[in-house]
Every structure is written in C-alpha cells, then in structure tokens.
Amino acid sequence: MFELLPKSIQRKLNLIAYLLDHPTSPPSIHFLMDYLNITYPTLKHDISELNELFDQYFNITITKTQISLKAFVPLSMAFFTYMLKQDLTIMSLINECFLQHINTFKALAQKIYISRSVMYHDLTQLKDFITNHYSALSITTHPVQITGPERIVRQFFTDYYFLGYNLSNWPFDQVSQSAIEDLMLLIAEKIPLIAFFSDHPILPIILAINVIRYRQGHLVEDIRPAYDHDACRRYLSDPINHDHLHNLEVRLGITFSNEAVEQLLVNIISHQTSYDTHYMWQCAQTDPTLYQALITLKSNMLSLMHAFHIPSIDEEALDLFLLTAYNLCTFHGTDSNSFEEEIYQHEQDCLAVGTELERIDPHFLTQMQRILTAFQEQMNIPCNDTRTLQATWYYCHIFPQTLRQLKTPTQPIRLGLYTINQLQRKHWAYEINLLFGDKIQLVSIHSPNSLLHLEANQVDTLLTALPIELKQIQTRYISGYPSGQDVEWIYQLLFPSSDA
C-alpha cells in the first residue's frame, strides 16, 4: 500500500524514518543522497518542506558534513504517514470506493473536488496497483466500488486503512471506535487465545471493516467449519444474553446472528489456526502421534513447574499453553493473511522474555527449551529455535507467576498510568497484572488535569501517553499498547540490581 503514495512522499517518509532510526549517528549528506537516490538540491528541498510542515514536531538541520533531526515531542512514523497521505486525491478515491455512495466516475470527481483528468489518472494508478498486488479485484460502477472475492476485498481495505493509522485518528465515521473496542474485548474474553493478539493495532481496523462490509450486505462465502469460535458465537447469538448485548448491537448497527458472528471474525480466525482447546484434544483422539506428543508435553511441563515451585498451576491454562505450542507446530504462514503472520512472530517481545528468563534463571530456560525441542521432534517437524522462543513467550504470559517466583523484587512499586482511552488502559492493566501481579500497585489517572496535579507522594513512577515531565516523578512516555521495551523498563524498576 506504501507504493500508492507519490514518490516524493515515499522519499520524505524514508528520510524521516532513517533519521529517527539513527538518532545518535547522523548520516552524511552524501550517504543520504545515495540512500534516497536523489540529488543535493532535491534533498535540501525535501528537508525545507518537512521543516515547514512539521515545525511543531522536529527540525532537520544540515551542516557541512551531516544531517540530523532534533525532535520536540515523541515521534511516530504512523503519524507522519497519516499527515502526508490524508490530502491525496487517490486516497479520497479509495475511501469513496469503501463508502459506496457514488454511482459514476463523473459524480465521484465532483464529490472529491477534482477534475476528471486527475480522477482518471488516479484510477489508472489504482487499477495498476490492484492488478499487481490484488489481482482478483477490480473497480466497478453503480456504485463505484472495489469488487472481487470478499475476503480479499476486506484485506485490501484493511491494508489501506492501516497505512498511517494511529489510535488518535479513527478513520471510520460509520462505526464508533468505542463500540469496536468493546466488541474486541468481548471477543478476546470468549476466545482466550485472541487475548494474546488483542493489543495489535490492526485488530480494530479488521473488526470495523468486517462490521461495515457486513452491514453493506457483502458476505465472505468461503467460511470454513466454525469449530474454533463456537463459544464466542453461542454467547453472542444466545437469546439469554440479549439484554446485555443489545446496546452493543445498536451501536454497531447489526444483530449477533450466527452469520453475523462468522462474518465479524473474518481475517481474525484463520483457516489454519485452532483457537479452541477442546477441538485440539478432539483431533488428538484420532491422531496417536499428536495425542502422545501433547500428553508428554503436559507431563513434562507439570514436572518442570513443580520442580521450580511454580504456584497455582491451572489445568485449563496449561491446556491453553499446549494449544499455542500445537498451533506453532501446525501453522503455515504461506496460506494466511499478513495479520496472523505478524502476530505469530512477536519477535521483540519473545526476545525480551527469553533474555529475562536467561538472566533470572538460565537453568529453567534450558529445561524449557529441552521440553519444547522434544515436543517438536514428537510432532515430526524440524526443530526451530524461533518456534521454541515463541512458545516460551506464550508460556510466560499464561503463567506470569513463573517470573515472579523465580525472582522476587524487594518492594512493590506504585505505578501511575495515564492512557488516551479506556481500551488502552484495560490492556495496560491486564499486561501489568499478568506479568507482575501484586508487585505493582497500579494507580490509574483518568484525566489530563489529574495528571498535571499528580504529586510525588501518590506514585513512585509514571507511564503516560501525554508527553509531560513532572518534578520528582520518574516518567516514561508510552505510545499505544505495551511493548517489549516497556516491559523491560518496568523490570528494571523492580529489579534495579539487574544488568541494563
């Protein structure tokens, strides 16, 4: 989708991205000219335009030998992408294709205030892009829209709206962000494995597109047997829950029928991934190899957890860990959408958890790796270090008491938390409680005014989505949902003797 942007905007975004990625080692002028494949006058012109457009956010300076960027506030590439793409006529054209309010190209040109020649130029560019990247799709009229297999149409619009998306710029007028957030929390509650992915910023986009396309009457026809989300479907479509869910139905503009629930979960529930432990054990009953591998993994994990005195071992939680290991061994990224490929990697978070386990107790990590390696061998697939690390990440999220048991901090910390919306706050509270339990006393701050008047005797340290410095309070700026770096920072608060 980045290719749809004009070359000049692509070049400016690449320039900003490089300077942000190298804050302590400013590049030379000649390096950036080669890197961006431009002349010095073009580079100088781009920098001048960026400084004028974003003068409140940063300043790029050119000396005789190098180029550097000085940021005035925390910066995000998503923000700059959004700012540079929002006025492009081709983006307005795609948005109108999504809304389906216009019947002819002539009327479309009038609606977005462009000449017909500009519109046909944009249409040609869009058609070429679709041919190269979404070959099953096409643009039709009455109404003007993008048509083709519905699953691919939804993927196209997901990719489009996610380009430059950030939480402060909700792109849909047809459905509120708060309604989508409430739906997302409900789905994550009824399908436990989705809770791992519910902080992914693309998930609200997928859900909003599914809601709007379903309301427009577009159905994905290739829905596979829905064994994996039966619990969620039964809950949402059960008349017993009608009163509780009616308000959400009104806000979304749909009724939670079986068909609606299936359509809402498109591109979230994949064809390859199992989200239900009962189905996993059902498969194991007819597959002796899988059954023996799962039984052995469960026995080995129980032995390991008992050996290290891990408290409160929940059988359902352990089955959920088996499910993640099973999915990691059966997942095939070649046949799924980009969202699932990304959420299954968790590269930075996996590395952070692996590093922390190795620092706290390398013997536990070694035993965990041995058990997971044996499981992969029993599943008759090549052993893979990345898969092992991913499974370890899932284990630590399902059994957070492990990290607390292996190393206990000296005293709890009062951690202030200010986020820009309720969904973020819920995710932060969930992650902090999951990883640290009663070692962190969370103090939620609900308004900018309360934040500005926060006193040092109320909190020991502060996480805030609003860039601010408070006297005598250690502060960390947070952007969106918890990252591996945020978790590592909290660890350093709890374990000040640990290596940085």
Side-chain angles (χ1 to χ4, degrees), residues 192-197 270 272-281 283-284 287-333 336 340-407 434-435 484 487-488:
L193 202 62
I194 288 187
F196 291 122
F197 314 140
S270 86
Q272 288 76 32
T273 303
S274 177
Y275 285 75
D276 184 74
T277 57
H278 299 292
Y279 177 76
M280 176 188 69
W281 285 114
C283 291
D287 185 341
T289 299
L290 172 60
Y291 180 79
Q292 189 57 52
L294 290 172
I295 289 296
T296 302
L297 176 59
K298 189 170 187 175
S299 174
N300 287 340
M301 290 305 301
L302 281 171
S303 298
L304 176 67
M305 296 171 77
H306 285 306
F308 281 83
H309 307 289
I310 308 301
S312 306
I313 302 175
D314 186 325
E315 287 282 332
E316 290 187 4
L318 188 55
D319 273 359
L320 183 59
F321 170 69
L322 299 185
L323 179 63
T324 64
Y326 167 70
N327 280 334
L328 286 168
C329 289
T330 57
F331 173 68
H332 303 287
S336 68
E340 187 166 24
E341 290 174 359
E342 183 173 347
I343 61 181
Y344 257 87
Q345 291 172 4
H346 283 287
E347 290 183 6
Q348 290 186 342
D349 293 340
C350 289
L351 288 172
V353 168
T355 301
E356 185 61 24
L357 266 179
E358 186 172 19
R359 182 166 59 199
I360 293 175
D361 196 321
H363 179 60
F364 180 89
L365 180 62
T366 300
Q367 294 301 310
M368 169 77 84
Q369 291 171 337
R370 179 186 60 79
I371 291 170
L372 292 171
T373 297
F375 176 68
Q376 294 172 69
E377 291 173 347
Q378 284 190 284
M379 291 285 289
N380 297 318
I381 63 171
C383 294
N384 182 294
D385 290 341
T386 300
R387 187 184 299 117
T388 300
L389 192 60
Q390 290 167 343
T392 304
W393 181 88
Y394 283 110
Y395 168 81
C396 289
H397 274 65
I398 296 171
F399 294 101
Q401 64 267 39
T402 299
L403 295 176
R404 299 199 295 269
Q405 175 66 21
L406 294 178
K407 182 168 184 179
L434 190 69
L435 290 173
V487 172
E488 179 66 19

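Rounded to the nearest 0.5 Å, atoms CE (Met301) and CZ (Phe321) are 4.5 Å apart. A distance of 10.0 Å separates OH in Tyr394 from CG in Leu323, rounded to the nearest 0.5 Å. With values rounded to the nearest 0.5 angstrom, Leu294 atom CG is found 4.5 Å from Trp281 atom CH2.
Residues in residues 292-313 take part in these salt bridge (charged side-chain N to carboxylate O under 4.0 Å, His left out) pairs, two or more places apart or across chains: Lys298-Glu315, Lys298-Asp319.
Closest approach of Met280 to Leu290, counting heavy atoms only: O-CD2, 4.3 Å.
Counting heavy atoms from C-beta outward, Leu297 and Tyr326 have side chains that stay 4.5 Å or more apart. Phe364 is listed as a side-chain neighbour of Leu304, based on a closest heavy-atom distance under 4.5 Å. Looking at heavy atoms from C-beta onward, Phe399 lies in side-chain contact with Leu318 at the 4.5 angstrom threshold.
Considering only residues two or more places apart in sequence or on other chains, Thr296 meets the side chain to side chain donor-acceptor pair (under 3.5 Å) condition with Gln292. Residues forming a side chain to side chain donor-acceptor pair (under 3.5 Å) with Gln376 (at least two apart in sequence, or on another chain): Arg387, Thr388. Residues satisfying the side chain to side chain contact (heavy atoms under 4.5 Å, CB included) test with Asp314, not counting sequence neighbours, are Glu316, Ala317. By the side chain to side chain contact (heavy atoms under 4.5 Å, CB included) test, Thr289 pairs with Asp287, Asn380, sequence neighbours left out.
Here the side chain of Ser299 pairs no donor or acceptor atom with the backbone of Ile295 at under 3.5 angstrom.
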